[in-house]
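Before I ask anything, let me first share the structure, which is written out below as structure tokens.
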Amino acid sequence: MDSPGAGPVRRLSVLSTGTVRIRPEHGHRTWRPLPLWLFASRRWTPPLPINVYVIQHENGLVLFDTGQHRRSVTDPDYYPGGAAGLVYRRLAEFAIAEDETLPALLRAAGHEPDDVALAVISHLHQDHMGGVLDIPQADLLVSRTEWDTSQRPGAEVNGYLREHIDAAGPRWHPVSLTPTSDPALAPFTASHDVFGDGSLVVLPTPGHTAGSVSLLVRRQGRPPVLLVGDLTFDAPQFDEDHLPGIGSHAALRASTRAVEVFRRGHPGLAICAAHDPAAAGILERSL
């Protein structure tokens, strides 16, 4: 679905690099601790999209997240072995057709992979940074906290595939969010203005990971859109009673509360998540 408009943000649309099935407790937190449901559950959700948001900005083509790479379903060596590999196999099942790769989807939308100037990555799990090698001309923006977390020993067990992250080399640009007193961003007290024009603003929404961020997209004459990554798997039920099952419960709750306060101050705000089947419809209704 597309959202065309005037101003710096000319168009906002969503693509999906295939689908993923996860454990039900992954998307909606329950009383069961993660190790229990991860290794004991025999259930999967229905297929969920792996959303990539495409922003046509006057300064160039921007992506929010890059989806899952097809090699993850065709290359038996894509994942690590041992205990870490077992975690990945138990956590998610991906399905990605040849025409659902990021390059194929971009071309179908009228873009070339080399057209992408910048990708803002919500966090560095495989299904959000998986396509970074497919956009070789793009700078890659990630929070400093998220980058540092991905570089720690043992990060693979926590969802960070260092081999694939590091392959993009110097194109990574970890940024530290800076203090802000802008009342239009309250209750957020830190941010990063991507182009300095207020149209794309990175906001801290830790919880799923320590360095997770969301991207506020401001469009002239239209309600703003907040792209929240994995802060929720179900935007229509976005509240503190419907939190994801992976990450810090306290941080997820605090970030969700902050977004709820922000939404009350911005009537019409559209919240779009990475794996929410409702995202395309939400974006369409925000036109």
Side-chain angles (χ1 to χ4, degrees), residues 15-23 26 34-35 38-39 48-53 63-98 100-106 113-114 116-176 206 208-213 229-230 244 246-247 274-275:
L15 310 173
S16 181
T17 60
T19 60
V20 59
R21 297 198 303 162
I22 58 176
R23 305 296 177 181
H26 186 158
L34 189 154
L38 179 61
F39 292 105
L48 304 173
I50 309 167
N51 290 329
V52 175
Y53 292 92
L63 303 185
F64 183 71
D65 285 339
T66 63
Q68 179 82 0
H69 201 282
R70 192 166 186 267
R71 273 188 57 210
S72 64
V73 299
T74 62
D75 183 353
D77 296 323
Y78 188 82
Y79 295 108
L86 176 61
V87 169
Y88 286 100
R89 291 193 299 273
R90 292 289 304 171
L91 196 60
E93 287 188 344
F94 294 94
I96 307 168
E98 290 185 7
E100 293 176 322
T101 65
L102 184 57
L105 293 169
L106 286 170
D114 283 355
V116 180
L118 175 70
V120 179
I121 308 299
S122 64
H123 63 289
L124 289 171
H125 286 170
Q126 56 171 328
D127 51 334
H128 297 261
M129 54 64 57
V132 295
L133 296 184
D134 289 330
I135 46 173
Q137 302 303 316
D139 289 327
L140 307 171
L141 190 153
V142 66
S143 79
R144 168 57 68 180
T145 299
E146 186 69 1
W147 179 260
D148 291 346
T149 301
S150 75
Q151 302 299 302
R152 292 172 183 165
E156 279 189 339
V157 177
N158 292 315
Y160 297 100
L161 295 175
R162 283 282 303 278
E163 175 186 352
H164 305 307
I165 294 171
D166 292 348
R171 291 193 293 124
W172 286 109
H173 298 278
V175 296
S176 297
H208 182 67
T209 67
S212 288
V213 297
D230 283 356
I246 291 184
H275 304 295

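Heads up: numbering here begins at 1 and tracks the sequence.
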### Message
Using 0.5 Å steps for rounding, measure from the CG atom of Leu133 to the CD1 atom of Ile165.
### Response
11.0 Å

### Message
Using modelled atom types and a 3.5 Å cut-off, is there a donor and acceptor pairing between side-chain atoms of Ser143 and backbone atoms of Gly211?
### Response
yes

### Query
In Å and rounded to the nearest 0.5 Å, what is the NE2 to CG distance from His173 to Leu140?
7.0 Å

### For Thr66 against Gly131, the heavy-atom pair lying closest together
OG1-N, 2.9 Å

### Query
Which heavy atom of Ala274 sits nearest a heavy atom of His128, and at what distance?
CB-CE1, 3.4 Å

#### Entry: Shortest non-hydrogen contact between Trp172 and Trp147, atoms and distance
CG-CZ3, 3.5 Å

### Query
Between Leu102 and Val116, is a side-chain contact (heavy atoms from CB on, under 4.5 Å) present by the stated rule, with each step listed?
CA-CA 11 Å; Leu102 184 57; Val116 180; over 6 Å; no

### Task
Evaluate the side-chain proximity of Asp134 to Pro113: yes if any heavy-atom separation is below 4.5 Å, no if none is.
no

### Query
So how far is it from Phe64 CZ to Leu141 CG, rounded to the nearest 0.5 Å?
10.5 Å

### Query
Is any side-chain heavy atom of Glu146 less than 4.5 Å from a side-chain heavy atom of Thr209?
yes

### Query
Can you name the closest pair of heavy atoms from Thr17 and Gly67 and give their distance?
OG1-CA, 3.4 Å

### Query
Could you go step by step and tell me if Val52 and Leu105 meet the side-chain contact (heavy atoms from CB on, under 4.5 Å) rule?
CA-CA 10 Å; Val52 175; Leu105 293 169; over 6 Å; no

### Task
Answer yes or no: is there a donor N or O on one side and an acceptor on the other, between the side chain of Arg162 and the main chain of Glu156, under 3.5 Å?
no

### Side-chain donor/acceptor of His164 to backbone N/O of Tyr78, under 3.5 Å
yes

### Task
Could you check if a side-chain atom of Ser72 sits within less than 4.5 angstrom of a side-chain atom of Ile96, using non-hydrogen atoms only?
yes

### Query
Is any side-chain heavy atom of Arg71 less than 4.5 Å from a side-chain heavy atom of Asp77?
no

### Message
Using a 3.5 Å distance criterion without hydrogens, assess whether the side chain of Ser16 forms a donor-acceptor pair with backbone atoms of Ile50.
### Response
yes

### Task
For Val20 and Pro49, work out which heavy atoms get closest and say how close.
CG1-O, 4.4 Å

### Message
I want to check something: taking the side chain as every heavy atom from C-beta on, are Leu38 and His26 in contact at a cut-off of under 4.5 Å?
### Response
no

### Query
Got a second to check how far Leu124's CG is from Asn158's CG, nearest 0.5 Å?
12.5 Å

## Note on the structure
To the nearest 0.5 Å, atom CG of Asp65 lies from atom CE of Met129 at 10.5 Å

### Message
Between Asp230 and Ile246, is there a side-chain heavy-atom distance shorter than 4.5 Å?
### Response
no

### Rounded distance (nearest 0.5 Å) linking atom CD1 of Ile22 with atom CZ of Arg90
13.5 Å

### Criterion side-chain hydrogen bond (donor to acceptor under 3.5 Å, both in side chains) on His275 and Asp127, from CA distance to verdict
CA-CA 10 Å; His275 304 295; Asp127 51 334; 2.8 Å; yes

### Query
Do Arg152 and Asp148 meet the salt-bridge criterion of a basic N to acidic O distance under 4.0 Å?
no

### Check: His208 ring centroid to His123 ring centroid under 6.0 Å
yes

### Message
Do Glu100 and Arg70 make a side-chain contact, defined as non-hydrogen atoms from C-beta onward lying under 4.5 Å apart?
### Response
no

### Message
With heavy-atom distances below 4.5 Å as the criterion, would you say the side chains of Val87 and Phe39 are in contact?
### Response
yes

